[in-house]
Amino acid sequence: MTTTELDGRRILAVVTNYGVEQDELTVPVNHLRERGARVDVAAVSDDEIRTLVGDRDPGESVRPDLTLADVDPAAYDLLLIPGGTLNADSLRLEEATTRIVSSFAASGRPVAAICHGPWALVEGGYVRGKTLTSYPSLRTDLTNAGGTWVDQSVVRDDASGWPLITSRNPGDLEDFVRQIDKALTEA
């Protein structure tokens, strides 16, 4: 069996069952799996995940590996939070999401959020003191939550003892996954 750079790494992707931006979920998940990582996708329920393209057109359906309530965050090396307006707006209201984000931040493990995904960080106060990027419409929310928003394809901020990797949209996925790879190989 061939080993790859990310063998032994475990990644957790958290989403709702409807509205996640297809490429923001599938591109990082497929990339990481191809590099040898084990990636589990956790959703609100064990029903299929119906993705969207551009927040409106139906995308691929994805089966979750487990539910948010069943997640043991300590079992993972990196947390992936894809966007999609509907997904991110609902995901941030899930108590389990805040519990999961809190576990990663408290233990110094990386969190990677793209597009509207950083909304999940606002709920638990994890934006304060961080420099990050997102879809432009989140700028005010992130700034009001104590973050410094910048317009860059990818931003990594290691302040407060844990790495936060953020990107703006699906057009930034190449830079986003490159920074995720770097964070996982450094650990």
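A quick note: this is a predicted structure, and the numbers were derived from the prediction, not measured. Positions are given from 1, in the same order as the sequence printed here.
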(message) Nearest 0.5 angstrom please: Thr148 OG1 to Leu142 CG, how far?
(response) 10.5 Å
(request) Not counting sequence neighbours, list each pair that qualifies as a salt bridge (Lys or Arg N to Asp or Glu O under 4.0 Å) and has a residue in residues 106-125. (result) Arg92-Glu123
(request) Classify the angle between the aromatic ring planes of Tyr126 and Trp162 as parallel (below 30°), tilted (30 to 60°) or perpendicular (above 60°). (result) perpendicular
(request) Before giving the answer on side-chain contact (heavy atoms from CB on, under 4.5 Å), spell out for Gln152 and Asp175 the whole-Å C-alpha distance, their side-chain angles and the decisive distance to 0.1 Å. (result) CA-CA 10 Å; Gln152 296 176 11; Asp175 292 338; over 6 Å; no
(request) Check whether any side-chain N or O of Asn17 sits under 3.5 Å from a backbone N or O of Asp47 as a donor-acceptor pair, and report yes or no. (result) yes
(request) Mind listing the closest non-hydrogen atom pair of Leu25 and Ala13 along with its distance? (result) CD1-CB, 4.1 Å
(request) Please name the pair of heavy atoms, one in Ile100 and one in Leu12, separated by the smallest distance, quoted to 0.1 Å. (result) CG2-CD2, 3.9 Å
(message) Is it the case that the side chain of Thr185 and the backbone of Lys182 share a donor-acceptor pair, with hydrogens and angles ignored and the cut-off at 3.5 Å?
(response) yes
(request) State the CZ-CZ distance between Phe104 and Arg99, to the nearest 0.5 angstrom. (result) 10.5 Å
(message) Using 0.5 Å steps for rounding, measure from the SG atom of Cys115 to the CG atom of Asp55.
(response) 7.0 Å
(message) Restricting to non-hydrogen atoms, name the atom on Ser137 and the atom on His116 that form the minimum distance, rounded to 0.1 Å.
(response) OG-NE2, 3.5 Å
(message) So does Thr26 get a backbone contact from the side chain of Asn30, meaning a donor-acceptor N/O pair under 3.5 Å?
(response) yes
(request) Please name the pair of heavy atoms, one in Asn169 and one in Ile114, separated by the smallest distance, quoted to 0.1 Å. (result) O-CD1, 3.5 Å
(message) I'd like to know if the side chain of Glu21 and the backbone of Gly83 have a donor-acceptor N/O pair within less than 3.5 Å.
(response) no
(request) Any chance you could measure Thr97, atom OG1, to Ile81, atom CD1, to the nearest 0.5 Å? (result) 7.5 Å
(request) Answer yes or no: is there a donor N or O on one side and an acceptor on the other, between the side chain of Asn87 and the main chain of Val15, under 3.5 Å? (result) no
(message) One thing to verify: whether Arg33 and Asp65 come together as a salt bridge, which I'm taking to mean a side-chain N less than 4.0 angstrom from a carboxylate O.
(response) yes
(request) Indicate yes or no for a side-chain donor-acceptor contact from Arg9 to the backbone of Leu184 under 3.5 Å, with no hydrogens or angles considered. (result) yes
(message) If I take atom CD1 from residue Ile11 and atom CZ from residue Arg35, how far apart are they, to the nearest 0.5 angstrom?
(response) 10.5 Å
(message) Strictly distance-based, threshold 3.5 Å: is any side-chain N or O of Thr133 a donor or acceptor partner for the main-chain N or O of Val154?
(response) no
(message) Which residues pass the side-chain hydrogen bond (donor to acceptor under 3.5 Å, both in side chains) test with Glu60, not counting sequence neighbours?
(response) none
(request) Could you tell me the separation between the CG atom of Asp141 and the CH2 atom of Trp149, rounded to the nearest 0.5 Å? (result) 12.0 Å
